[in-house]
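Read through the structure below, which is laid out as structure tokens, and then see the notes.
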Amino acid sequence: MEKLDRAFYLRDTVTVARELLGKRLCHWVGGALVAVEITETEAYTGVEDKACHSYGGRRTRRTQALYREGGHAYVYFIYGMYDLFNVVTESAQAPCAVLVRGARPVPGCEDAIAWLRFRKEYGELTPAQRRGLLDGPGKVCRGLGITREHNGMDLLGEELFIGAGASLGREFSIGVGKRINIGYAMEAVDFPYRFYCRFGDSDCKK
DNA sequence: CTTGCGATTCTA
DNA sequence: AGAATCGCAAGG
């Protein structure tokens with residue numbers, strides 16, 4: 001499968017966050033290629049964004065991956081329980097990233113369905129259950145088997161990458177809103193940096 | 001070394 | 001609305 005190239009990730013973070021909607025996030029794991037379609041993202045725009053881990057140029061062991069060139073993974077641990085997957089964007093001088101907040105299984109991708117079913121220990125999955133496997137940033141990592149071991153990984157490699165093709169699902173428009181759970185971020189709480197798929201009848205947000 | 005708290009999820 | 005649960009980052 002053709003992958004998004006470096007140039008895609010080196011662009012403006014908000015643009016990348018919008019354009020990642022509908023793209024296929026893929027992880028080769030356990031002998032299966034697990035592919036899901038991204039339905040919700042948030043942009044974290046770097047040193048001037050109080051909600052971003054690199055705000056003010058903060059550079060610690062945790063934030064190191066943010067200072068890589070665009071197209072790398074930034075995976076960090078939160079709330080004592082969850083790993084969250086981000087796509088690093090822009091140049092190495094601009095520590096920005098896009099948080100993947102939600103996804104859904106790609107129709108017809110049986111490897112992914114089998115993997116997700118295994119993760120949830122379900123026999124069969126209703127459409128609602130399939131959606132519920134990936135409808136939060138912690139669930140995206142759990143569902144795809146992404147952990148902190150993937151922190152800093154190059155998304156142009158073979159194991160973890162994002163497909164360049166158009167969405168396999170239905171057409172959608174882009175919904176915009178404020179980011180979730182960043183109440184501490186002063187003026188940045190109101191930035192319209194959350195993006196989600198709108199499918200006419202139903203939105204991909206809770 | 002200590003401590004406050006978080007880009008969440010699940011249950012009620 | 002609250003608990004679970006622990007690494008990170010800041011401060012002493």
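For the numbers below, each heavy atom of this structure counts, side chains included, while hydrogens, waters and symmetry mates do not.
- Using a 4.0 Å cut-off, some side-chain N or O of A:Thr60 falls inside it from OP1 or OP2 of C:dA9.
- One interatomic measurement links the two molecules: CZ of A:Arg179 to P of B:dT8, which rounds to 12 Å at whole-angstrom precision.
- Note on A:Tyr184: a side-chain N or O is less than 4.0 Å away from OP1 or OP2 of B:dA7.
- Rounded to whole Å, the distance from OH on A:Tyr74 to C1' on B:dA7 is 9 Å.
- Separating the C1' atom of B:dC5 from that of C:dG2 is a span of 16 Å, rounded to the nearest Å.
- Set against B:dA7, C:dG7, C:dA10, the side chain of A:Arg58 has C:dA10 as its closest nucleotide.
- The cationic group of A:Arg198 does not satisfy the cation-pi geometry with A:Phe172, failing either the under 6.0 Å distance to the six-membered ring centre or the 45° limit from the ring axis.
- Checked against B:dA7, C:dG7, B:dT8, the side chain of A:Phe77 finds its nearest nucleotide in C:dG7.
- Of the candidate nucleotides C:dA9, B:dT8, B:dT9, B:dT9 has the atom nearest to the side chain of A:Lys139.
- Under 3.5 Å, the side chains of A:Tyr9 and A:His72 contain no donor-acceptor pair of N or O atoms.
- Nearest nucleotide to the side chain of A:Arg62, out of C:dC6, B:dG6, C:dC8: C:dC8.
- Considering only side-chain N and O atoms, A:Arg142 lies nowhere under 4.0 angstrom from the phosphate OP1 or OP2 of B:dT8.
- Note on A:Thr41: nothing from the nucleic acid sits closer than 4.0 angstrom, heavy atoms only.
- Rounded to an integer number of Å, the gap from A:Gln64 CD to C:dA9 P is 10 Å.
- Residue A:Tyr82 is classed as a base contact, given a heavy-atom separation below 4.0 Å to a base.
- Residue-level contact check: A:Leu99 touches the bases, meaning some heavy atom is under 4.0 Å from a base atom.
- For A:Tyr76 against B:dA7, a side-chain N or O and a base N or O form a donor-acceptor pair under 3.5 Å.
- One finds no side-chain N or O of A:Asn181 lying less than 4.0 angstrom from the OP1 or OP2 phosphate oxygen of B:dA7.
- Between the P atom of B:dT9 and the CD1 atom of A:Ile180 lies a distance of 10 Å, rounded to the nearest Å.
- Residues A:Met81 and A:Arg148 each lie close to DNA chain C; by heavy-atom proximity, the contact nearer the 5' end of the strand is made by A:Met81.
- Because its NZ or CZ atom is not both nearer than 6.0 Å to the ring centre of A:Tyr196 and within 45° of the ring axis, A:Arg101 does not count as a cation-pi partner of that residue.
- Within a 6.0 Å radius of CD in A:Glu187, more than 12 heavy atoms belonging to other residues, nucleotides or ligands are found.
- Figure legend. C:dT5 is base-paired to no nucleotide; pairs are counted as Watson-Crick or G-U wobble with both atom distances under 3.5 Å.
- As rounded to whole Å, 14 Å separates atom C1' of B:dT9 from atom CG of A:Leu134.
- Remark: the backbone N or O of A:Ala43 is paired with a side-chain donor or acceptor of A:Arg179 at under 3.5 angstrom.
- Separating the CG atom of A:Leu133 from the C1' atom of B:dC10 is a distance of 15 Å, rounded to the nearest angstrom.
- The closest donor-acceptor contact from the side chain of A:Arg68 to the backbone of A:Ala92 lies at 3.5 Å or more, if one exists at all.
- Going from atom CG of A:Asp83 over to atom P of C:dC8 covers 11 Å, rounded to whole Å.
- C:dA4 has no base stacking with the ring of A:Tyr79 when judged by centroids under 5.5 angstrom apart and an interplanar angle below 30°.
- Per the geometry, CG belonging to A:Asp135 stands 12 Å off C1' belonging to B:dC10, to the nearest Å.
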